[in-house]
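Before any comments, here is the structure.
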Amino acid sequence: MDQQQGSDRLGLMDCFRTDLQKIESRLAETTHKMKELKNSSTTAGGMREKSDIKEQAHGEEEVQTEVDSIASEAEKEENEGNREQSDGDKEGQTSVESSSVPFRLKYNSLPYYLRSCLMYCCIFPENYGIAKGRLIRLLVAEGLIQEKAGHIAEDVAEENINDLVSQGMLLVNDDLRDNGTKVTVFSPYRVFLRDSYITAHPDSEFSIPRKARRILTPDMTKVAESLSNIQPRSLFLFGKQELSGENWLNFEGAKFLRVLDLEDAKIRRLPDEVGDLIHLAYLGLKNNDINELPDRLGNLRALQSLDIRWCGDLTELSTEILKLVRLRHLKMFKRRNVSGMKLSGGIGTLGSLLTLTGVHAGGEIAGELGKLTQLRRLGVMDVAEENANELYASIMVMQGLLSLSLEAKHTFDQGHLVLRDSFSPPSILRKLRLEGRLEKTPSWLGSMESLTKLRLGFSHLSENPTLVLQVVPNLEKLTLWHAYDGRRLGKDFCKAGGFPKLEVLVIASRVLEEWTELEEGALPRLKYLHFHSCLNLRMLPEGLQFVTTVEELVLLPLLDEHEERLKPDGGVENYKVRNIPKITFIPASVVASRFNERFSTPPNPSNR
């Protein structure tokens with residue numbers, strides 16, 4: 001009995017301690033926000049709109065560096081003691097600083113690998129949300145993940161991120177519009193940790209400390225000279241770069257780089273010196289104007305991640321790619337003439353690959369994919385009759401596959417996606433994307449118990465696919481992008497209890513005219529409903545008013561007469577949407593006007 005009472009007492013104490021920490025965290029965040037509001041009149045002229053904040057995150061002329069985070073524990077404790085002493089000597093401390101005790105205690109209680117993860121996230125601008133997948137790949141490339149027997153490093157990195165999220169140190173923004181999951185540091189922790197990294201304007205008299213290991217800058221030209229005396233592990237170029245020369249990587253410390261991230265930098269050429277970066281583990285070239293990769297790319301034997309999505313006019317990779325034996329993630333997608341990236345034969349030798357996306361299915365590739373049994377994410381384009389058998393045989397041996405994208409040739413011209421009756425993807429698949437005309441809804445879709453995200457694109461089915469899909473037990477997001485050519489949807493679209501976990505539903509259809517009825521009890525968890533390019537839609541379903549979980553309704557565009565029907569002051573359909581907190585729409589007349597303004601021919605001055 002005494003033992004039971006003691007156990008109960010300890011449980012109550014733990015609950016009390018947890019609640020107290022939550023209260024302290026909320027209090028610190030509130031005081032921090034109060035301080036920001038108080039100082040807003042002296043910073044940027046008051047409150048900013050969201051677009052301004054985003055612009056600041058990308059375009060502000062700042063250099064941010066992180067001092068080496070792999071210091072000894074003794075050095076960390078000494079620094080912590082010095083910080084506490086100096087904080088005690090300062091006058092006029094802010095309320096945030098004076099209430100930093102719970103943050104310090106919580107931070108100090110973290111294991112070293114979670115401290116490293118949190119500190120790493122702090123090097124990105126405060127209002128910049130970093131994509132979770134990208135953060136995972138960066139943490140692995142940086143070597144900031146603890147070893148865990150029997151676990152893949154990327155899974156351990158995700159566990160670490162989720163742990164920090166659960167403790168309130170990282171914030172997650174799950175964008176319902178399919179912009180992915182993004183992560184930011186909770187403001188009070190960024191304030192508490194600010195002494196561990198430096199932010200400065202390049203125009204000021206500022207030199208990067210010799211101990212700096214991670215450099216983030218919007219202007220490489222202004223920091224190039226400072227880089228000659230340091231040994232950086234990571235270099236991030238944020239925003240468009242004006243790099244006229246071709247040797248901007250020609251500085252002594254470049255050879256120590258493990259990460260070179262140039263996402264959105266819009267550079268036109270990658271210097272040949274990149275072939276000298278023998279320690280490089282991460283090369284991010286997404287959204288650049290590079291038309292060819294250096295011949296010495298194969299020298300990067302330590303490379304783990306290569307991201308060349310939407311990268312200039314790249315159409316194929318040379319055999320140099322086959323020398324990257326440690327490559328784990330190869331992410332590709334052509335910007336123009338949408339089709340897959342062509343790879344040389346032999347891709348099956350890259351046995352460490354976990355991610356391979358945007359690959360052309362032709363040649364020997366379809367058959368060689370079967371050797372990549374460790375793949376967890378696969379995206380194949382240009383699927384056709386001549387390669388379908390080998391391709392599907394290869395996919396069915398990938399028992400660890402979590403994400404699969406299959407795209408037909410000429411998808412936008414109603415190209416046919418060949419699916420064999422004998423094919424069914426691995427049962428643990430969580431994300432599936434099928435692009436191209438389908439003869440029927442695959443029967444195996446209804447038995448995909450692990451599936452959480454599904455997109456059917458340009459399927460142009462004659463039968464309603466939701467008759468099969470509404471029984472998928474764990475489906476959270478469904479996109480029907482010109483997937484069904486029916487003019488009318490009825491209550492069979494989703495019966496009571498159908499789509500039990502669906503939170504996001506996106507429908508695009510140029511032929512859909514009305515959705516007549518929705519059974520009460522259908523779509524019990526729906527949060528986001530989006531109609532896109534439904535140019536003929538004149539009626540929302542009767543019963544939508546009973547789906548009380550909807551947080552946002554989007555109609556792009558909305559017929560002008562339908563707008564009248566939804567107006568709160570007398571609109572005959574307003575009762576269906578009255579309880580939805582946020583409704584976003586653009587009238588069809590406005591869309592047409594903007595289209596005409598953009599594409600109309602300017603008047604000839606001589607005729608004026």
Side-chain angles (χ1 to χ4, degrees), residues 132-133 136 150-152 154-155 158-159 162 172 174 176 178 180-181 354-357 369-370 372-380 383 391-407 417 419-436 438-457 459 461 463-481 483-484 492-507 519 521-529 547 549:
K132 187 177 180 181
I136 289 172
H151 290 73
I152 294 175
E154 284 78 1
D155 287 345
E158 185 170 16
E159 288 177 7
N162 292 341
V172 170
D174 286 313
L176 299 179
D178 204 24
T181 301
L354 301 175
T355 302
L356 178 62
T357 62
L369 290 177
L372 303 177
T373 56
Q374 302 299 313
L375 274 180
R376 310 182 83 190
R377 290 171 177 79
L378 174 64
V380 184
V383 178
L391 174 63
Y392 294 135
S394 295
I395 293 174
M396 290 176 70
V397 301
M398 301 175 186
Q399 294 305 307
L401 199 64
L402 300 176
S403 176
L404 175 63
S405 175
L406 300 171
E407 186 164 337
L417 178 61
L419 283 180
R420 300 295 189 222
D421 292 336
S422 59
F423 170 68
S424 62
S427 59
I428 68 169
L429 198 72
R430 299 176 191 168
K431 185 176 180 180
L432 177 63
R433 181 171 173 261
L434 302 177
E435 300 284 335
L438 295 175
E439 294 179 357
K440 60 182 180 179
T441 304
S443 58
W444 43 261
L445 274 175
S447 61
M448 300 294 290
E449 295 188 357
S450 299
L451 196 66
T452 60
K453 294 183 179 181
L454 173 64
R455 173 184 160 106
L456 298 180
S459 308
L461 290 161
E463 294 185 358
N464 184 358
T466 64
L467 298 176
V468 173
L469 301 180
Q470 62 183 287
V471 300
V472 180
N474 293 300
L475 192 63
E476 297 174 359
K477 176 169 184 179
L478 174 62
T479 300
L480 300 174
W481 200 263
Y484 175 48
D492 58 342
F493 179 87
C494 181
K495 298 185 179 297
F499 292 114
K501 293 188 178 180
L502 194 70
E503 296 183 354
V504 178
L505 175 60
V506 180
I507 298 176
E519 283 193 12
L523 302 169
R525 294 192 183 182
L526 190 67
K527 294 181 180 179
Y528 180 82
L529 178 59
V547 187
T549 55

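This one's a predicted model, so the numbers in the text were calculated from it and none came from an experiment.
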Original post:
Atom OG in Ser459, atom CG in Leu417: separation rounded to 0.5 Å?
Top reply: 8.0 Å

Original post:
Taking side chain as C-beta onward, heavy atoms only, is Thr466 less than 4.5 Å from Leu480?
Top reply: yes

**OP:** Search all heavy atoms of Arg376 against all heavy atoms of Asp155 and return the closest pair with its distance.
**Re:** NH1-OD1, 2.9 Å

**OP:** Examine distances only and state if a side-chain atom of Glu463 and a backbone atom of Thr441 form a donor-acceptor pair shorter than 3.5 Å.
**Re:** no

Subject >> Distance (rounded to the nearest 0.5 Å) between Leu523 CG and Glu519 CD >> reply: 10.5 Å

Subject >> Arg420 and Leu391, any side-chain heavy atoms less than 4.5 Å apart >> reply: no

**OP:** For the residue pair Ile428 and Leu401, establish whether any side-chain heavy-atom pair is separated by less than 4.5 Å.
**Re:** no

Subject >> Test side chain to side chain donor-acceptor pair (under 3.5 Å) applied to Ser405 and Arg433, Arg455, Glu435, the passing residue >> reply: Arg433

Subject >> Contact check, side chains of Lys453 and Val504, non-hydrogen atoms, under 4.5 Å >> reply: no

Original post:
So, for Asn162 and Lys132, which heavy atoms are closest and what is the spacing to 0.1 Å?
Top reply: OD1-NZ, 2.9 Å

Subject >> Nearest-0.5 Å distance that lies between atom CG in Leu505 and atom NZ in Lys527 >> reply: 15.0 Å

Subject >> Atom pair CD (Glu154) and OG1 (Thr355), whose distance is rounded to the nearest 0.5 Å >> reply: 7.5 Å

Original post:
Phe423 vs Trp444 aromatic rings, parallel, tilted or perpendicular, using cut-offs 30° and 60°?
Top reply: perpendicular

Original post:
Nearest heavy-atom pair of Leu406 and Tyr392: which atoms, and what distance?
Top reply: CD1-CE2, 3.7 Å

Subject >> Main-chain N/O of Thr452 paired with Asn474 side-chain donor or acceptor, under 3.5 Å >> reply: no

Original post:
Shortest non-hydrogen contact from Pro500 to Pro524?
Top reply: O-CG, 3.7 Å

Subject >> For Leu478, the option from Leu502, Ile507, Val506, Val472 that meets side chain to side chain contact (heavy atoms under 4.5 Å, CB included) >> reply: Leu502

Original post:
Nearest 0.5 Å, what's the CD-CD1 distance between Gln374 and Ile152?
Top reply: 7.0 Å

Original post:
Got a second to check how far Ile395's CD1 is from Leu404's CG, nearest 0.5 Å?
Top reply: 5.0 Å

**OP:** For the pair Arg525 and Glu476, find out whether any cationic side-chain nitrogen is under 4.0 Å from an anionic carboxylate oxygen.
**Re:** no

**OP:** Mind listing the closest non-hydrogen atom pair of Pro442 and Val468 along with its distance?
**Re:** O-CG1, 4.4 Å

Original post:
Does Gln399 use its side chain to pair, donor to acceptor, with the backbone of Met396 at less than 3.5 Å?
Top reply: yes

Subject >> Pairwise side-chain contact, Ser447 with Val471, heavy-atom cut-off 4.5 Å (strictly under) >> reply: no

**OP:** Could you tell me whether the side chain of Leu419 reaches within less than 4.5 Å of the side chain of Leu434, counting heavy atoms only?
**Re:** yes

**OP:** Return the minimal non-hydrogen interatomic distance between Gln470 and Lys495, and the atom names on each side.
**Re:** OE1-N, 3.0 Å

Original post:
In a check of side chain to side chain contact (heavy atoms under 4.5 Å, CB included) between Met448 and each of Leu475, Leu432, Leu429, Leu469, which one passes?
Top reply: Leu429

